Amino acid sequence: MIQFFAYPESVFCAKVRIALDMKELDYAEVPPPDGYGSTAYKKIVPAGSIPGLKDESAALSDSNAILEYLEETAPSPALLPEHPVERAQVRALMGLHDTRIEPSVRAFYAPIKAGKSPGDEVYKQLIEDMSVAFERLEDMIEAAPYAVGHHVTLAECAFATTFSQAQQLASLFGGELKLKPKCQRWWQAMQSLSHAATSIDINRKAMQDWVAKFIQVDA
């Protein structure tokens with residue numbers, strides 16, 4: 001059985017979970033022993049980071065590398081298009097997620113951990129910055145109904161929980177994530193995917209608990 005090392009509040013872990021579920025693979029999801037970066041965990045996954053995946057002789061880190069591994073070792077259902085251009089478009093979206101979109105969401109973590117109150121001006125700016133980051137997707141996706149055409153791809157695995165977490169954080173701090181029309185359609189399509197909905201729910205509950213460790217906000 002595949003061992004999947006993850007934390008429920010991580011969107012990077014969520015995208016791997018969604019792919020595992022979509023491919024109907026048998027896996028056990030567990031937290032890294034002694035926490036990520038620990039000596040015990042590095043004996044299993046040398047990078048010591050999450051998500052991590054142990055599958056027979058493979059010990060993998062980096063969410064995108066894990067997704068590519070799953071695509072090659074469990075090719076059905078396919079989560080990368082057949083056409084090279086469309087495959088490149090999916091990979092470009094995954095890169096944008098990791099370097100631009102997710103960091104705009106993760107920017108909330110520092111003020112939350114610092115205990116800044118929900119009414120602090122820092123959150124207003126972060127919500128605006130996050131909305132601007134999501135605007136970059138509008139010209140890159142088809143939303144017909146998925147990001148690249150009519151089939152679910154790794155792009156949906158990457159973005160589904162991040163869309164949810166962004167909206168959740170904006171709402172907790174008195175704002176709203178502003179999504180343009182194609183992004184709205186794409187978000188609706190992602191929510192209709194049962195496996196994505198499962199990870200969205202896991203992440204939403206975990207984030208609510210995580211935020212509550214540092215500050216009191218209205219649920």
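These numbers were taken from a predicted model, which means no experiment stands behind them. Only this structure's heavy atoms are used, side chains among them; waters, hydrogens and symmetry mates stay out.
By the 30° and 60° cut-offs, the orientation of the rings of Trp210 relative to Tyr109 is tilted.
Of all heavy-atom pairs spanning Ile44 and Ala59, the tightest one is O-CB, 3.1 Å. Of all non-hydrogen atoms in Pro51 and Ile66, the two that sit nearest each other are O-CD1, 3.7 Å. Contact between Pro31 and Tyr7 at its shortest, heavy atoms only, is CB-CE2, 4.0 Å. When all heavy atoms are compared, the tightest approach of Ile101 to Ala133 is CD1-O, 3.1 Å. Here the closest heavy-atom approach between residue Ala189 and residue Ser192 is recorded as O-OG, 2.6 Å. A pairwise comparison of heavy atoms in Gln216 and Pro118 identifies O-CG, 3.5 Å as the closest pair.
For the pair Leu179 and Phe134, the minimum side-chain heavy-atom distance is below 4.5 Å. The side-chain heavy atoms of Tyr36 and Ser49, taken from C-beta on, include no pair separated by under 4.5 Å. Taking the side chain as every heavy atom from C-beta outward, Lys15 and Asp98 approach each other to under 4.5 Å. Between Leu79 and Leu70 the shortest side-chain heavy-atom distance does not fall below 4.5 Å. The closest side-chain heavy-atom distance from Val105 to Val11 is not below 4.5 Å. Looking at Ile112 and Lys213, their side chains never come closer than 4.5 Å, going by heavy atoms from C-beta outward. Proximity of Lys23 to Ser76: side-chain heavy atoms (C-beta onward) are nowhere separated by under 4.5 Å. With a 4.5 Å cut-off on side-chain heavy atoms, Trp186 and Met190 count as touching.
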- Query: Would Phe12 and Ile50 count as a side-chain contact (heavy atoms from CB on, under 4.5 Å) if you check the C-alpha gap in whole Å, the side-chain angles of each, and the deciding distance to 0.1 Å?
  - Reply: CA-CA 8 Å; Phe12 289 103; Ile50 57 166; over 6 Å; no
- Could you walk me through whether Leu137 and Lys180 pass the side-chain contact (heavy atoms from CB on, under 4.5 Å) test, one step at a time? CA-CA 9 Å; Leu137 290 168; Lys180 290 193 171 182; over 6 Å; no
- Message: Determine whether Phe163 and His97 satisfy the following criterion, ring pair (Phe, Tyr, Trp, His ring centres under 6.0 Å), listing intermediate values before the conclusion.
- Response: CA-CA 10 Å; Phe163 265 71; His97 171 274; 9.3 Å; no
- Stepwise, does the side-chain contact (heavy atoms from CB on, under 4.5 Å) test hold for Ile202 with Arg17? CA-CA 11 Å; Ile202 290 170; Arg17 186 189 305 108; 4.1 Å; yes
- Between Tyr69 and Val16, is a side-chain contact (heavy atoms from CB on, under 4.5 Å) present by the stated rule, with each step listed? CA-CA 11 Å; Tyr69 170 80; Val16 172; over 6 Å; no
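Rounding to the nearest 0.5 Å gives a distance of 8.5 Å between CD of Glu29 and CG of Leu20. Between the CD1 atom of Ile127 and the CZ atom of Phe173 there is a distance of 8.0 Å, given to the nearest 0.5 Å. Once rounded to the nearest 0.5 Å, the distance linking NZ of Lys43 with CG of Asp34 reads 9.5 Å. Taking CG of Leu177 as the start and CG of Leu169 as the end, the distance is 10.0 Å to the nearest 0.5 Å. Interatomic distance, OG1 of Thr73 versus CD1 of Ile2, reported as 6.5 Å (0.5 Å rounding). One distance of note links CD of Glu68 with OG of Ser63; it measures 10.5 Å at 0.5 Å rounding.
The pair Lys205-Asp201 meets the salt-bridge criterion, since a charged nitrogen lies less than 4.0 angstrom from a carboxylate oxygen. Glu135 has no carboxylate O lying under 4.0 Å from a charged side-chain N of Lys178, or vice versa, which leaves the two without a salt bridge.
Remark: side-chain polar atoms of Ser199 are not paired, donor with acceptor, to backbone N or O of Ala196 under 3.5 angstrom. Remark: side-chain polar atoms of Glu156 are not paired, donor with acceptor, to backbone N or O of Tyr146 under 3.5 angstrom. Judged by distance alone, the side chain of Lys42 and the main-chain N or O of Gly48 form no donor-acceptor pair under 3.5 Å. Judged by distance alone, with hydrogens and angles left aside, the side-chain atoms of Ser38 form a donor-acceptor pair with the main-chain N or O of Gly35 at under 3.5 Å.
The same ILVMFWY cluster, assembled from side-chain heavy atoms under 4.5 Å apart, contains both Phe214 and Val211. Linking ILVMFWY residues whenever their side-chain heavy atoms come closer than 4.5 Å, directly or via other members, leaves Val30 and Ile18 in distinct clusters. The cluster map of Ile, Leu, Val, Met, Phe, Trp and Tyr, joined by side-chain heavy atoms under 4.5 Å apart, puts Leu172 and Met207 in the same cluster.
Remark: of the listed residues Gln168, Glu9, Gln165, Gln165 is the sole one forming a side chain to side chain donor-acceptor pair (under 3.5 Å) with Asn203.
Under 3.5 Å, the side chains of Gln167 and Ser164 contain no donor-acceptor pair of N or O atoms. Tyr27 and Asp21 form a side-chain donor-acceptor contact under 3.5 Å, judged by distance and modelled atom types alone.
Summarising the local packing, CZ of Arg106 is surrounded by more than 12 heavy atoms from other residues, nucleotides or ligands at distances under 6.0 Å. More than 12 non-hydrogen atoms from other residues, nucleotides or ligands lie less than 6.0 angstrom from CZ of Phe4. Residue Lys116 places its NZ atom among 12 or fewer non-hydrogen atoms of other residues, nucleotides or ligands, all under 6.0 Å distant.
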